[in-house]
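The structure under discussion appears below in the form of structure tokens.
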Amino acid sequence: MDFDGGKRVFNRLGPPQQQQSDNRNQKVCYHWRAGNCNRFPCPFSHRELSAPANGTASSKRPYGFATDDQRSTTARRGGGGSNFNGPSSWGRGGGRGGNAINNNNNSNRGVVVRKTEKICNFWVQGNCSYGDKCRYLHSWCTGSCFAMLTQLEGHQKAVSGIALPAGSDKLYTGSKDETVRVWDCQSGQCAGVINLGGEVGCMLSEGPWMFVGLPNLVKAWNVQTSADLSLNGPVGQVYSLVVGNDLLFAGTQDGSILAWKYNAATNCFEPAASLQGHTSAVVTLVVGANRLYSGSMDKSIRVWNLENLQCLQTMTEHTSVVMSVLCWDQFLLSCSLDKTIKVWAATDSGNLEVTYTHNEEHGLLTLCGMHDLESKPVLLCSCNDNSVRAYDLPSFAERGKIFAKQEIRSIHGGPNIFFTGDGTGEVKVWQWLADQTPTPA
């Protein structure tokens, strides 16, 4: 199974699926055990019966969607990096360290201090006098699958883009403070600050090129040759960038999607097309299955043919701004300020239909897919309550949460690590940990 943010990640959309029954046959699917079950929904269990659900997730919750067994390969990152390879491995259901709030026993008083899922403001300031007895969290995350490695400080406003070029030992972060900061991956120190004179709306690393979305402009830097190009044409802020079929696409504030094609002879990007249809800003783009998918503030998702750049379908099931779209194997995932994540699958006609809806308590801002140390697919979704949820796929069993001082708008995966950028300008580096969840007796 392949997925990685705005990259080209899967080759086809699957066949139509049958409606899923909530009551699975209490028998383990032997195809799933062999790693090659391609039925959706499967009438048999895709988890071992000896591993009951825990946490607050309901054990009766059906799997949202399923996938064929494939090996995933994401682009190698940073100095050769590491690829997230591994056979398809399904979550076991339940809330493996997710929804269950950390509890600390107070042995002196013989009571349990139940933690509220809110960061202790006094702890953040370094002066909480309650210690372990505090009812608020003294950690930036819950769960046992990741931990904060370090924090990168320097940006004065919200972080709006993060990029880690292949083969580079430098991390690039862009911000609404009109700068891009370059960080040395070995020391964690800021190696340079680039003043751009406009708010950074998004960033994208593709091959040797680094693209930065600005107001009325896309900047393109070649990190190998130091070439510095300006791509004109956008009207208003550039919110999203993606590469597909040798074209660079930019989603803009006026609802247009502009496309450029690189001309090696002239060493420049030439305008190729302007895709019209959205009536408000295009804030997210992703490429997959020879299609371009665009999400907009007009609450719709549009599907474009990458060959002729014609719009094939407009989906209007979301009731608020579509903030992020992501390809995962045969499926398209989308999230919105309407507090839902929708999973889309192809029908006989080739059109996409919603096959599963996951509900949250808060509006959703961005999606990022990656794999943990055991090659299990994990979905990170940022919410506008200043948190990020980590979910197993396809079960949507919660693995843990990340908290921040303000909303996290940028998430980017690296080799066994990932990065988050929040509204205060802080960039945090997170490390995946080996699964410490005890095996049920």
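Heavy-atom basis, side chains included; hydrogens, waters and symmetry copies ignored.
Residue Leu164 forms a side chain to side chain contact (heavy atoms under 4.5 Å, CB included) with just one option from Phe419, Trp183, Phe418, and that option is Phe419.
The number of heavy atoms from other shown groups lying within 6.0 Å of CE (Met297) does not exceed 12. Counting non-hydrogen atoms of other residues, nucleotides and ligands closer than 6.0 Å to NZ of Lys157 gives a total of 12 or fewer.
Remark: the backbone N or O of Trp209 is not paired with any side-chain donor or acceptor of Asn222 at under 3.5 angstrom. The backbone N or O of Lys176 sits nowhere less than 3.5 Å from a side-chain atom of Glu178 that would complete a donor-acceptor pair. The main-chain N or O of Leu306 is found under 3.5 Å from a side-chain atom of Asn245 such that the two form a donor-acceptor pair. Checking side-chain atoms of Ser387 against main-chain N and O of Ile402 turns up no donor-acceptor pair under 3.5 Å. A donor-acceptor pair under 3.5 Å is formed between the side chain of Asp338 and the backbone N or O of Thr319. Side-chain atoms of Thr142 come within 3.5 Å of backbone N or O of Lys401 as a donor-acceptor pair. Under a 3.5 Å cut-off, the side chain of Thr366 and the backbone N or O of Ser410 do not form any donor-acceptor pair. Not a single donor-acceptor pair under 3.5 Å links the side chain of Asn195 to the backbone N or O of Thr179. Listed for the Gln237 side chain is a donor-acceptor partner under 3.5 Å among the backbone atoms of Glu199. Put simply, the side chain of Asp184 never gets that close to the backbone of Ala191: no donor and acceptor are under 3.5 Å apart.
Outside the 6.0 Å centre-distance limit, the rings of Phe331 and Tyr356 are not counted as a close aromatic pair.
A distance of 13.0 Å separates CD of Gln313 from CG of Asn305, quoted to the nearest 0.5 Å. Interatomic distance, Phe396 CZ to Glu360 CD, rounded to the nearest 0.5 Å: 8.5 Å. We find the CG-CG distance between Leu217 and Leu231 to be 7.5 Å, quoted to the nearest 0.5 Å.
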Next on the checklist: Working note: Asp372 + Arg399, criterion side-chain contact (heavy atoms from CB on, under 4.5 Å); need CA distance, chi angles, decisive distance, verdict.
Outcome noted: CA-CA 11 Å; Asp372 66 10; Arg399 297 282 298 275; 3.1 Å; yes

Next on the checklist: Determine whether Leu379 and Trp328 satisfy the following criterion, side-chain contact (heavy atoms from CB on, under 4.5 Å), listing intermediate values before the conclusion.
Outcome noted: CA-CA 10 Å; Leu379 177 68; Trp328 183 67; over 6 Å; no

Checklist entry - How far apart are the C-alpha atoms of Ser175 and Val200, what are their side-chain angles, what is the distance that settles it, and do they pass the side-chain contact (heavy atoms from CB on, under 4.5 Å) test? => result CA-CA 5 Å; Ser175 168; Val200 174; 5.8 Å; no

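Contact check on Asp298 versus Arg302 returns no salt bridge, with no Lys/Arg side-chain nitrogen under 4.0 Å from an Asp/Glu carboxylate oxygen. We find that Glu426 and Lys405 are joined by a salt bridge, their nearest charged nitrogen and carboxylate oxygen being less than 4.0 Å apart.
Residues satisfying the salt bridge (Lys or Arg N to Asp or Glu O under 4.0 Å) test with Lys219, not counting sequence neighbours, are Asp228. A search for ring pair (Phe, Tyr, Trp, His ring centres under 6.0 Å) contacts involving Tyr239 returns nothing, not counting sequence neighbours.
For the pair Cys335/Cys381, no side-chain contact is recorded, criterion being any heavy-atom separation below 4.5 Å from C-beta on. A 4.5 Å side-chain heavy-atom check between Ile411 and Ser382 finds at least one atom pair inside the cut-off. Proximity of Ile257 to Leu292: side-chain heavy atoms (C-beta onward) are separated by under 4.5 Å at one or more points. Side chains of Leu332 and Met315 form a contact here, defined as non-hydrogen atoms less than 4.5 Å apart.
Under the 30°/60° scheme for interplanar angles, the aromatic rings of Tyr262 and Phe269 are found to be tilted.
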